[in-house]
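Computed from a predicted model, the values in this text were never measured in an experiment. Just so we're on the same page: letters track the sequence lines, and every chain starts at 1.
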Amino acid sequence: MPVGTQQIQVTLPDGVRRHVPAGCTAREALCGSGGALSPDVLAATVNGVPMDLDTALTGDAALEPLTFRSPEGREVYRHSSAHIMAQAVKDIFPSAQLTIGPAIEDGFYYDFAFERPFTPDDLQQIEARAHAIIQANYPIKRMEMPRLKAVEFFKERGEQYKAEIIESLPDETVSLYSQGNFIDLCRGPHLPSTGTVRALKLLSSAGAYWRGDERNPMLQRIYGTSFPTQAELDAHLAKLEEIKRRDHRKLGKELDLITMQDEIGPGLVLWHPKGALVRLLIENFWREQHLKQGYELVYSPHVARLDLWKTSGHVDYYRENMFVPMKVEASEYQLKPMNCPFHIMIYKSHLRSYRDLPIRYGELGTVYRYERTGVLHGLLRVRGFTQDDAHLFCRPDQIEGEVSRVLDFTFFVLRTFGFSEFEVYVSTMPEKAVGSPENWAQATAALEAALKSRGVAYRIDPGEGVFYGPKIDIKIKDVLGRAWQCSTVQIDFNNPERFELAYTGEDGKAHRPIMIHRALMGSIERFFGILIEHYAGAFPTWLAPVQVKVLNITDKQRDYAETVTAQFTAAGFRAEADLRNEKVGFKIREAEKAKVPFMIVVGDRELQAGTLSVRGRSGANLGSMPAMAVIDLIRADIAKGMSA
RNA sequence: GCUGGCGUAGCUCAAUCGGCAGAGCAGCGGUUUUGUAAACCGCCGGUUGGAGGUUCGAUUCCUCUCGCCAGCUCCA
């Protein structure tokens with residue numbers, strides 16, 4: 001150590017403090033005096049900020065190594081992977097211009113300005129080239145450049161987009177990263193070398209607008225992913241296959257639950273008997289629980305005078321999502337995109353006292369929204385759907401209590417359907433909003449207070465509230481860890497104003513109630529689609545359209561099979577007999593494919609003994625037992641499913 | 001809405017260079033009476049999404065249109 005070198009102190013995550021010469025790199029500081037740094041370490045946070053391992057430390061710092069196991073480490077890994085892919089693209093297609101290429105959940109993408117879309121063949125070639133770049137193990141080096149010089153630099157290289165990005169940056173100095181012949185503007189940090197990436201695969205290509213704006217030119221995006229081991233990459237690809245296998249559009253058709261047909265129109269769902277039955281079960285449960293929770297259930301028409309929608313503000317704020325109005329006699333009528341105005345009119349049909357509040361109107365209300373064709377997606381995004389809607393009218397001091405009740409109710413319902421993990425967001429005041437900032441702040445505070453009182457962890461989504469009030473959104477996580485937006489609780493300052501809603505207070509004067517919109521499942525269609533994927537079509541017994549299938553082995557047990565089926569039906573189960581002249585293996589195959597939870601095989605042995613042979617879905621042979629034992633077994637399974 | 005890809009029997013998919021549109025499953029008829037994921041034989045099944053064009057001839061090439069898929073944008 002040269003005499004006179006200044007020493008700095010680094011603190012490692014385990015609390016160890018180490019003195020190192022100023023100017024030494026994060027890598028050197030991390031591995032200390034002895035040996036090399038573990039190859040798992042991709043980068044490091046310096047005082048909490050992710051940095052390259054080659055970053056020179058200039059002062060005392062808290063250091064933490066970053067590996068692929070941390071979100072920040074994964075981001076670095078995928079970000080460098082994107083650069084590797086970009087280098088491969090530039091090698092093969094020098095005229096492709098670089099734009100941006102971030103890490104995303106589960107992978108990365110890079111957008112290129114290129115004269116034509118990339119084909120699957122291109123992707124193969126690019127991937128091969130990317131593998132070669134990984135093999136070559138180019139060191140990834142950071143350098144800094146004055147901003148204007150960097151603009152010139154990229155212009156000279158024909159990278160117009162990069163030049164544009166740099167021009168819009170606020171800093172006077174920008175950082176560039178290079179690997180081999182490739183150089184890109186980038187904030188970093190990055191891996192130490194291209195060989196650090198072990199397993200990389202390109203997945204797909206698609207168009208994407210420059211800066212995400214549809215008025216801008218279309219770029220060519222390539223998606224890929226990368227992992228530290230081939231095994232992890234394979235596991236990820238297997239998960240993608242699993243997602244395909246569970247696709248509700250495929251299962252919905254295979255299980256004969258729903259279809260959507262050209263002749264009907266895009267985004268419009270036909271519920272076949274089995275799908276309709278599952279829906280009925282969901283709706284029955286919903287109604288029962290709402291009545292228990294003190295809701296009053298209402299019905300409202302599918303169309304109403306356009307004037308109603310003018311009063312509600314939908315014509316002004318929501319027109320692009322509405323079907324065009326239809327002319328009937330002398331006035332125009334509008335297919336309803338929401339249920340709220342109807343519930344408001346029910347509220348308004350009487351004078352209301354403060355003693356009446358809160359009033360809770362619930363409706364499984366079918367609404368129609370005009371969605372642009374490109375956004376339609378199976379059951380998850382449709383044009384006609386049924387909201388499990390409710391509107392609560394309450395006094396301002398009741399907001400927190402009502403929201404708390406709704407939260408408890410929501411989690412109860414979602415858990416009943418097998419979801420146990422949630423992401424909760426509070427969306428605050430957007431730029432375009434009605435209501436005073438004070439009202440917004442107060443209502444937002446009430447939402448947060450309700451969440452806190454329930455011990456629910458949440459994140460703030462700044463500026464993402466609806467124009468009429470702040471909201472809580474709850475996303476459910478399915479069995480594959482995917483998050484789906486379902487439940488929403490929204491405060492509304494706007495409609496009570498617009499419709500001049502009032503209640504008479506203790507003081508005998510008119511007061512304005514607060515309105516809360518809420519949906520637990522969101523839309524039955526979407527929720528059903530999510531359920532199909534969550535359960536891979538194998539609904540829990542309480543929701544299964546057919547719960548029991550009785551299979552005879554030969555015609556000799558035909559009567560017995562019919563008696564047994566009747567017995568199960570009488571016990572309240574959805575039971576069917578398959579008496580076809582087919583081998584039992586074939587009948588089992590069909591019942592398996594239909595995901596029937598319980599199969600009951602009756603042959604001569606059972607006929608003689610007066611028992612039933614029970615087979616569970618997915619192959620479990622549960623043995624022979626008397627009918628009563630089977631009934632108990634299934635009842636227990638139903639009870640378990642509903643309390644899970 | 002935009003970019004790209006794709007529409008063939010109820011379903012899943014073939015059809016060379018523009019030359020008689022085919023298979024498996026399903027359905028129907030028959031044989032078989034069967035023990036835990038597919039018995040056997042036969043039959044039926046098509047305006048190749050729709051409209052127009054090029055051509056002696058179009059599933060195939062071109063234009064328009066409808067729909068689906070991926071992504072962008074938007075959202076329950």
Side-chain angles (χ1 to χ4, degrees), chain A residues 109 111 116-120 203-223 247 249-250 253-254 256 259-267 318 320-321 337-338 365 367 369-389 464 466 471 473-475 484-488 490 517-527 529-530 551-558 579-594 599-606 613-624:
Chain A
Y109 68 79
D111 286 344
R116 62 171 177 83
F118 293 108
T119 65
L203 298 171
S204 60
S205 61
Y209 298 104
W210 168 235
R211 294 184 188 266
D213 190 323
E214 64 187 25
R215 288 164 302 192
N216 286 339
M218 175 78 59
L219 306 174
Q220 301 305 328
R221 175 172 298 180
I222 302 178
Y223 285 94
D247 192 315
R249 293 166 297 185
K250 187 167 169 274
K253 200 195 270 181
E254 277 174 14
D256 199 15
T259 53
M260 293 162 90
Q261 302 176 20
D262 268 23
E263 290 82 347
I264 311 294
Y318 208 69
E320 68 211 32
N321 281 299
M338 292 190 189
V367 298
R369 297 186 185 171
Y370 171 74
E371 300 285 356
R372 304 200 292 175
T373 53
V375 307
L376 298 172
H377 181 90
L379 289 172
L380 303 182
R381 193 75 185 279
V382 293
R383 283 185 175 161
F385 60 98
T386 301
Q387 292 182 305
D388 67 318
D389 211 355
E464 286 302 308
V466 205
K471 62 172 180 172
D473 285 327
I474 299 171
K475 292 186 181 181
W484 305 95
Q485 158 87 60
C486 293
S487 320
T488 183
Q490 309 179 347
H517 307 243
R518 50 109 277 193
L520 311 184
M521 299 180 281
S523 111
I524 307 277
E525 283 74 5
R526 164 178 286 183
F527 195 72
I530 295 166
L551 316 173
N552 61 335
I553 288 177
T554 73
D555 282 345
K556 269 200 283 178
Q557 306 91 35
R558 197 185 172 92
L579 305 174
R580 291 175 302 171
N581 175 13
E582 295 288 353
K583 297 179 75 164
V584 74
F586 181 79
K587 295 184 187 182
I588 284 171
R589 177 181 154 80
E590 298 226 316
E592 282 287 351
K593 287 208 309 186
M599 283 161 250
I600 290 175
V601 178
V602 292
D604 270 340
R605 290 202 293 270
E606 289 74 21
S613 174
V614 186
R615 185 189 205 272
R617 185 161 56 186
S618 71
N621 192 336
L622 305 175
S624 285

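Residue contacts shown for Val584(A) are limited to sugar-phosphate atoms, with no base heavy atom under 4.0 Å away. Note on Gly374(A): a base of the nucleic acid sits closer than 4.0 angstrom, heavy atoms only. Using a 4.0 Å heavy-atom distance criterion, Gln485(A) is classed as a sugar-phosphate-only contact. Contacts of Lys556(A) with the nucleic acid, taken as non-hydrogen atoms under 4.0 Å apart, are absent. Among the atoms of the strands shown, base atoms are found under 4.0 Å from some heavy atom of Glu606(A). Residue Asp262(A) is classed as a sugar-phosphate contact, given heavy-atom separations below 4.0 Å to backbone atoms only. Nucleic acid contact for Asp604(A): base, since at least one base atom lies under 4.0 Å from a heavy atom of the residue.
The phosphate of A76(B) has neither OP1 nor OP2 within less than 4.0 Å of any side-chain N or O from Thr488(A).
Using a 5.5 Å limit on the distance between ring centres and a 30° limit on the angle between planes, the aromatic ring of Tyr223(A) does not count as stacked on the six-membered base ring of G71(B).
U47(B) and C17(B) have their P atoms separated by 27 Å, with the value rounded to a whole Å. C25(B) and C61(B) have their P atoms separated by 31 Å, given to the nearest Å. Taking the C1' atoms as reference points, G45(B) lies 38 Å from U3(B), given to the whole Å.
Of the candidates A70(B), A39(B), C2(B), the closest approach to any side-chain atom of Tyr209(A) belongs to C2(B). Comparing G1(B), C11(B), U3(B) against the side chain of Gln220(A) picks out U3(B) as the nearest. Distances were taken from every side-chain heavy atom of Ala208(A) (C-beta onward) to each of C72(B), U12(B), A76(B); the shortest belongs to C72(B). Side-chain proximity of Asn621(A) to G1(B), U36(B), U3(B): nearest is U36(B). Of all nucleotides listed (G71(B), G67(B), G35(B)), G71(B) comes nearest to the side chain of Arg221(A). Comparing atom distances between the Arg589(A) side chain and each of G67(B), A37(B), C72(B) picks out A37(B) as nearest. Each of A38(B), A76(B), U36(B) was ranked by its minimum atom distance to the side chain of Val382(A); first place goes to A76(B). Of the candidates C68(B), A76(B), G35(B), C68(B) carries the atom nearest the Pro266(A) side chain, counting heavy atoms from C-beta on. Nearest to the side chain of Ser523(A), among G1(B), A76(B), A38(B), sits A76(B). Of the candidate nucleotides A76(B), C11(B), A37(B), C11(B) has the atom nearest to the side chain of Lys253(A).
Between Tyr370(A) and Glu320(A), the closest heavy-atom pair is CD2-O, 3.5 Å.
Using a 3.5 Å distance cut-off with no hydrogens or angles, the side chains of Arg211(A) and Tyr209(A) do not pair a donor with an acceptor. Judged purely by distance below 3.5 Å, without hydrogens or angles, the side chains of Asp111(A) and Gln220(A) never pair a donor atom with an acceptor atom.
The partner of U63(B), taking Watson-Crick or G-U wobble pairs whose two distances both stay under 3.5 Å, is A51(B). Look at G4(B): its Watson-Crick or wobble partner, with both distances under 3.5 angstrom, is C69(B). When Watson-Crick and G-U wobble pairs are counted only if both distances are under 3.5 Å, G57(B) pairs with no nucleotide at all.
Put simply, the side chain of Arg249(A) and the base of C69(B) share no donor and acceptor less than 3.5 Å apart. On a pure distance criterion of 3.5 Å, no polar donor-acceptor pair joins the side chain of Tyr109(A) and the base of G71(B). You'll find a donor-acceptor pair under 3.5 Å spanning the side chain of Glu371(A) and the base of A76(B), going by distance alone.
Between Glu592(A) and Arg617(A) there is no salt bridge, since no side-chain nitrogen of the basic residue lies less than 4.0 Å from a carboxylate oxygen of the acidic one.
Summarising the geometry, the separation between CE on Met218(A) and C1' on A70(B) is reported as 12 Å, rounded to the nearest angstrom.
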